[in-house]
Amino acid sequence: MLHIFTFGAVFIAIVSAFILYNVNHQTRSFASQLSNKQKVKTELIRRIASLKAERAFLSRAERIADAAEALGMRPISGDQFVSMKSRTTEKAAKKHHHKR
Amino acid sequence: MNTLAVGTKNAQSSRVATRQPKSQVKSIALRVFIIGLSITVSFTVVAVQLIRLAVIGQNRQNTNTSQTIGEFYSRPDIVDRHGRLLATDIALPALFADSHLITSVDETIESIKNIFPELNTTKVRRALSDKNRRYYLLKRAVAPRVAETINAMGLPGLGFRSEPKRKYPNVRLAGHLLGYVDSYNYGVTGVEHLLNRNKGVRRVDHATVNTASPLRLTIDVRTQYALERELIAGIKKFKAKAATGVLFEVQNGEIWAAASLPGVEPANINEMMDRSRRDRLASDAFELGSVFRLFTLAMVMDLDIVTPKALVDVTNPIKIESFVISDENPFAGKLSLEQIMIRSSNVGSGILAEATGSERQHSFFERIGLTRAINREDIKTISPVLPKTWGAAETVSIGFGYGIAVSPLQFAVVFGSMVNGGISIIPTLILQPSNRVFSKQQLIRAKTSSRLRDMLRQNVLDGRGWRANVVGYRVGGITGTADLANDVNYEGNSVITSFAATFPIDKPRFALMITFFDPQPKGTKAMRSAENTAAPVAGEVIRRVAPLVGVEKRAEMRG
């Protein structure tokens with residue numbers, strides 16, 4: 001009886017050693033995957049940063065202004081804005097007129 | 001020990017075995033089987049793992065050896081008030097050599113020389129020949145494409161490590177304000193210097209993208225560009241040496257645009273060090289001339305030296321000590337305070353200053369902030385140059401802006417506090433999350449400020465500031481043309497022309513100060529006066545930036 005127990009224990013020990021080994025192995029593989037992903041992520045963040053800088057460089061006012069002027073565009077002027085206040089008073093005046 | 005016992009028992013032949021019961025023999029066989037099995041399994045596992053390792057290989061070890069080589073600063077971005085990028089960190093490869101691994105020094109040098117012809121060959125050869133030198137920096141900030149080329153050459157002993165590099169996507173825009181960083185990415189001047197104390201700045205050993213929230217400035221890129229563009233156009237048109245301009249809110253001191261031209265590119269250290277490109281806006285002091293008569297008028301009204309309706313006889317030039325002060329266009333008769341402003345009368349300003357006296361003038365200038373430099377964390381100006389002795393002659397000349405030198409920025413700030421209701425302004429470049437709260441001091445009475453505004457408006461409608469008038473924005477302003485002082489004597493031939501403006505005049509939101517240095521336009525001498533140089537450019541700037549800064553255009557009967 002004791003023997004069976006001993007054999008059982010040895011067997012369980014061996015099996016759990018296997019499982020443990022496997023888990024350990026998996027963990028390591030996950031860790032390496034993670035570090036790879038992190039590397040990719042850092043690289044991507046770095047690229048995003050340089051792309052952002054590049055975009056800002058390409059859309060700098062100096063460059064856009066030259067391009068816009070070549071297309072016949074002009075800087076915005078105050079005449080292109082309409083005051084909301086004056087619009088509403090105009091509308092109110094019209095309404096008033098209708099009522100009459 | 002069990003195994004050993006079994007082994008010896010087996011070795012002692014069947015004589016022993018026959019003595020044992022059958023069941024016991026069976027149990028021994030089972031044990032042998034189990035033990036044999038476990039040994040086989042263990043060895044198989046070991047064998048399989050060995051094969052796996054041999055085939056797949058071990059995880060590569062990553063060790064960081066760069067810690068001791070150099071330390072960099074990773075810096076947060078700098079953005080404008082609307083979040084547009086002004087400065088950012090990017091990673092660029094730096095080329096280094098490990099002499100120990102280099103097989104042929106000549107071949108290596110020759111190959112690199114083809115790519116970087118500016119390399120100092122003798123120095124590099126000495127470094128690479130020393131086999132103990134494991135790290136020699138050949139070239140910083142190599143373009144990624146060039147780095148690829150070098151990699152493709154497959155030269156042993158050459159390697160790359162990524163270093164942070166500060167980039168300014170707008171090139172020269174607001175260059176003086178931004179300042180620059182050293183090769184370790186540490187801020188040296190301007191906003192970059194201020195940023196060193198930001199909690200987002202970290203010490204790193206290789207390029208790391210900084211994820212800290214960016215530093216937000218009060219600058220607006222579009223407004224800044226419009227200002228710089230108009231100043232550059234002005235420099236070209238008037239053949240001026242330089243120009244400065246600043247636009248800020250008179251209530252909270254937020255600077256929307258500030259420029260000193262010719263500008264500098266922060267990434268270009270030679271430009272940053274070039275004296276002809278120095279920051280004239282804040283780091284240099286000038287005698288600004290008759291723009292100062294605004295302060296004289298403010299002084300006599302606020303200190304009740306004369307009544308607002310007073311008339312000043314400007315027929316005769318002032319004679320004081322050995323100087324004679326006269327007007328360019330003399331006027332025989334009496335002028336009101338407003339007319340002194342409009343006619344830009346030096347004699348009138350001088351008489352008013354004389355009536356005030358040196359002591360009261362000094363203390364008034366001290367009160368409004370003209371005697372001490374602006375020394376804020378984000379904005380610093382050069383100290384004003386005051387007369388050594390503040391006597392009677394100095395009092396008169398200071399009355400129309402000679403004998404006292406201030407930076408254009410400091411003048412603009414004090415000008416702003418004269419027109420905003422008389423409240424002190426603390427200029428700032430750092431955008432605060434909500435409305436900035438700062439201790440406001442009443443520098444002059446609100447009533448005086450309002451009178452000054454009326455005069456400034458009249459000066460634009462009927463006086464020398466007429467060319468700065470922009471219909472709909474109700475501009476008020478004052479001109480000043482002064483001899484540009486050399487180090488020792490007046491150059492005599494060069495002038496500095498300024499226009500200080502505020503708009504909309506009935507409730508000022510912005511102040512603008514435009515200054516040209518040594519304009520030499522075609523035509524008569526009068527063409528180079530502030531009336532014809534600084535004032536029209538100020539008008540152009542206001543026309544362009546008013547829609548950008550949110551000042552509404554209003555229908556006006558006149559101007």
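Throughout, a chain's letter reflects where its sequence line sits, starting with A, and its residues are numbered from 1.
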Worksheet, complete the sentence: Against chain A, residues from residues 78-87 of chain B with at least one heavy atom under 4.5 Å, in numeric order, are B:Leu85
Looking at every heavy atom in both [X] and [Y], which two are closest together, and how far apart are they?
X: B:Pro547; Y: A:Ile76; value: CB-CD1, 3.7 Å
X: B:Pro169; Y: A:Ala53; value: CB-O, 3.7 Å
X: A:Ile14; Y: B:Ser38; value: CD1-CB, 4.1 Å

Worksheet entry | NZ-CZ distance between B:Lys553 and A:Phe81, expressed to the nearest 0.5 angstrom | 11.0 Å
Worksheet entry | Side chain, backbone, both or neither of A:Ser50 within contact of chain B (heavy atoms, under 4.5 Å) | both
Worksheet, complete the sentence: Under 4.5 Å to a heavy atom of chain B? For A:Ile45 that would be both
May I ask you to test the [X]-[Y] pair for a side-chain heavy-atom distance under 4.5 Å?
X: A:Tyr21; Y: B:Gln49; answer: yes
X: B:Arg31; Y: A:His3; answer: yes
X: B:Val45; Y: A:Phe18; answer: yes
X: A:Lys52; Y: B:Asp77; answer: yes
X: B:Ser162; Y: A:Arg46; answer: yes

Worksheet item: What part of B:Arg222 lies closer than 4.5 angstrom to a heavy atom of chain A: side chain, backbone, both or neither?
Response: neither
Fill in: Segment of B:Val551 engaging chain A (4.5 angstrom heavy-atom cut-off)
neither
Worksheet entry | Most contacts with chain A, counted as non-hydrogen pairs under 4.5 angstrom, among B:Arg172, B:Arg229, B:Arg543, B:Lys167 | B:Arg229
Item to complete: Specify which of A:Arg63, A:Arg47, A:Glu69, A:Glu54 makes the most heavy-atom pairs with chain B at under 4.5 Å.
Response: A:Glu69
Worksheet entry | Top of A:Val10, A:Ile48, A:Asp79, A:Leu58 for chain B proximity - count of heavy-atom pairs under 4.5 angstrom | A:Asp79
Worksheet item: Taking 4.0 angstrom as the limit, do A:Arg60 and B:Glu228 come out as a salt bridge?
Response: no
Discussion item. If you count heavy atoms of other groups shown closer than 6.0 angstrom to CZ of A:Arg55, is the number above 12?
Written reply: no
Worksheet item: When you look at CZ of A:Phe11, are more than 12 heavy atoms from neighbouring residues, nucleotides or ligands closer to it than 6.0 Å?
Response: no
